[in-house]
Amino acid sequence: MTVSTQQVKRPDATELHIGRLDNAQVRVSLDPYLSVLALTTDALGGRRRGAPESWRRHIRSVVSPAQAQAVWPLVAPGHSVTPDCVSPLNPILETSVDEQIERLRDLSPDDLLADLDGVFGSSGPPPHWRTVARQPRNWLRAYASATSQVWAAMRPAWRDARPLLDREVARVGAAAMRGRLDVILGGIHPSSRFEDGVLKIRDPEPARFDLAGRPLVLVPMVSGGDALICSLDRPDAVWLGYPVPGAGRLFRSQPAPESDGDALELLLGPVRAQVLSAVSQPVTMGELAALTRLTPSAITYHCERLAAAGLVRRERHGREVRVSLTPRAERLTELFED
């Protein structure tokens with residue numbers, strides 16, 4: 001199994017070849033276990049993934065040193081492969097976190113060792129998994145306990161995030177109905193991109209996978225904005241865990257929106273919908289930053305993503321860059337006005 005839980009600096013990318021999105025089975029799953037894993041690795045893995053320090057500090061306060069140490073094999077720098085037996089179950093099932101913790105506790109040391117052999121082959125596990133191989137029973141107990149403690153600590157946040165999660169389900173549904181799932185995949189994470197039917201994800205251990213008729217399951221997570229967890233080689237489904245848009249409101253203790261809001265916002269996300277709406281007529285990048293009250297770097301980033309989706313074009317006129325809508329964007333906005 002390939003699980004990427006790291007913010008990777010190298011440019012190498014794992015490729016998921018999806019092909020035509022209208023032929024793919026795309027689903028959304030509200031599986032809290034991936035959120036637990038994302039926040040666990042953020043707080044205990046020694047590498048930030050966007051969760052605020054207050055959350056990281058709270059998670060560290062509820063686990064013992066042995067439990068924290070058990071998380072390290074999952075976040076070792078330069079590695080992204082994790083044994084299947086300790087990975088999340090298929091998110092399509094939306095199995096409860098408690099059930100997945102019990103599965104970990106019931107797993108035999110022999111099964112874990114066999115899985116390590118199957119994943120890493122005759123060369124044996126890499127250094128960060130060798131300690132686990134020497135004491136598999138102790139590691140399983142410590143890791144299951146760490147997961148249980150983190151889930152208890154974050155359960156209220158998961159409950160509070162329900163309006164955001166429901167909003168994301170509606171956003172993906174709106175994109176699917178309008179044939180614009182490419183917009184969702186193109187903006188799913190800052191370190192990924194979607195082009196010509198291929199989703200490219202930064203990965204220290206890059207590989208190539210084909211969807212090959214399997215369901216593509218999108219799993220919005222309550223996590224820091226840099227978190228990304230994926231499994232691309234299971235026979236039953238491919239799944240991608242990504243930060244739910246608007247999670248920062250939870251971190252700031254602000255209420256999540258209660259309604260679905262504007263349909264264009266559901267499709268593109270609030271910031272890019274704001275940018276697109278501001279380009280009702282050609283504007284310069286500076287004017288766009290003033291209209292949206294975003295920083296120049298943020299405007300540049302979001303315009304790049306909108307341009308990649310074929311929704312805006314940027315043209316240089318002397319020292320200025322003007323942004324305008326493409327015919328595709330005009331047709332899209334007309335759809336939402338109906």
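When side chains are defined from C-beta on, Pro125 does not count as touching Val132, because their heavy atoms never get closer than 4.5 Å. Arg105 places a side-chain heavy atom less than 4.5 Å from the side chain of Ser148. Side chains of Glu330 and Ser324 form no contact here, defined as non-hydrogen atoms less than 4.5 Å apart. Counting heavy atoms from C-beta outward, Leu199 and Leu240 have side chains that approach closer than 4.5 Å. By the 4.5 Å heavy-atom criterion applied to side chains, Val172 and Glu168 are counted as neighbours.
Between the CG atom in Leu112 and the CG atom in Asp117 there is a gap of 9.5 Å [rounded to 0.5 Å]. If you take CZ on Arg155 and CG on Asp98, they are separated by 5.5 Å, rounding to the nearest 0.5 Å. Going from atom CD1 of Ile18 over to atom CG of Leu181 covers 9.5 Å, rounded to the nearest 0.5 Å. Atom CD of Gln149 sits about 11.5 Å away from atom CD1 of Ile59, to the nearest 0.5 Å. Note: His17 NE2 to Lys200 NZ = 7.5 Å, rounded to the nearest 0.5 Å. Atom OG1 in Thr41 sits 13.5 Å away from atom CZ in Arg48 (nearest 0.5 Å).
Open room surrounds CZ on Arg162; 12 or fewer heavy atoms of other groups in view lie less than 6.0 Å from it. Within 6.0 Å of the CG atom in Asp196, the count of heavy atoms belonging to other residues, nucleotides or ligands does not exceed 12.
Closest heavy-atom contact between Ile299 and Ala289: CG1-CA, 3.7 Å. Scanning both residues, Val244 and Pro220, for their nearest heavy atoms gives CB-CB, 3.9 Å. For the residue pair Ile184 and Ala175, the shortest heavy atom distance occurs at CG1-CB, 3.5 Å. Here the closest non-hydrogen pair linking Ala278 and Leu288 is CB-CD1, 3.6 Å. Across all their heavy atoms, Gly310 and Thr326 have their closest contact at O-OG1, 2.6 Å. Gly50 and Asp42 get closest at one heavy-atom pair: N-OD2, 3.5 Å.
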Just list the side-chain donor-acceptor pairs under 3.5 Å for residues 24-37, sequence neighbours left out, or say none.
from	atom 1	to	atom 2	distance (Å)
Gln25	OE1	Arg27	NH2	3.2
Ser29	OG	Pro91	O	2.5
Asp31	OD1	Tyr33	N	2.9
Ser35	OG	Val222	N	2.9

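Side-chain atoms of Ser61 come within 3.5 Å of backbone atoms of His58 as a donor-acceptor pair (strictly under, hydrogens ignored). Checked by atom type and distance alone, the side chain of Glu287 pairs as donor or acceptor with a backbone atom of Thr284 at under 3.5 Å. Listed for the His189 side chain is a donor-acceptor partner under 3.5 Å among the backbone atoms of Asp226. At distances below 3.5 Å, not a single donor-acceptor pair connects side-chain atoms of Ser223 with backbone N or O atoms of Leu39. For Thr147 (side chain) and Tyr143 (main-chain N/O), a donor-acceptor pair under 3.5 Å exists by modelled atom type. The backbone N or O of Arg234 lies less than 3.5 Å from a partner atom in the side chain of Arg214, making a donor-acceptor pair. The backbone N or O of His302 sits nowhere less than 3.5 Å from a side-chain atom of Arg272 that would complete a donor-acceptor pair. Within the 3.5 Å criterion, the main-chain N or O of Asn138 finds no donor-acceptor partner in the side chain of Arg141. No donor-acceptor pair under 3.5 Å is formed between the side chain of Arg130 and the backbone N or O of Gly124.
Both Leu165 and Val169 are assigned to one and the same hydrophobic cluster, defined by single-linkage of ILVMFWY side chains at heavy-atom distances under 4.5 Å. Linking ILVMFWY side-chain heavy atoms closer than 4.5 Å, directly or via other members, places Leu185 and Val198 in two distinct hydrophobic clusters.
Residues satisfying the side-chain contact (heavy atoms from CB on, under 4.5 Å) test with Ala157, not counting sequence neighbours, are Trp55. Qualifying salt bridge (charged side-chain N to carboxylate O under 4.0 Å, His left out) partners for Arg137, counting only residues two or more places apart in sequence or in other chains: none. For Arg60, the salt bridge (charged side-chain N to carboxylate O under 4.0 Å, His left out) partners are Glu53, not counting sequence neighbours. Scanning for salt bridge (charged side-chain N to carboxylate O under 4.0 Å, His left out) contacts around Asp182 gives Arg180, with sequence neighbours left out. For Arg314, the salt bridge (charged side-chain N to carboxylate O under 4.0 Å, His left out) criterion is met by no residue, not counting sequence neighbours.
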CA sep, side-chain torsions, deciding dist, call: Val63, Val71, side chain to side chain contact (heavy atoms under 4.5 Å, CB included): CA-CA 11 Å; Val63 299; Val71 177; over 6 Å; no
Audit row: Phe120, Asp115, side chain to side chain contact (heavy atoms under 4.5 Å, CB included) steps and yes/no: CA-CA 8 Å; Phe120 298 114; Asp115 203 5; over 6 Å; no
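Side-chain atoms of Thr131 and Arg134 form a donor-acceptor pair, as typed in the model, at a separation below 3.5 Å.
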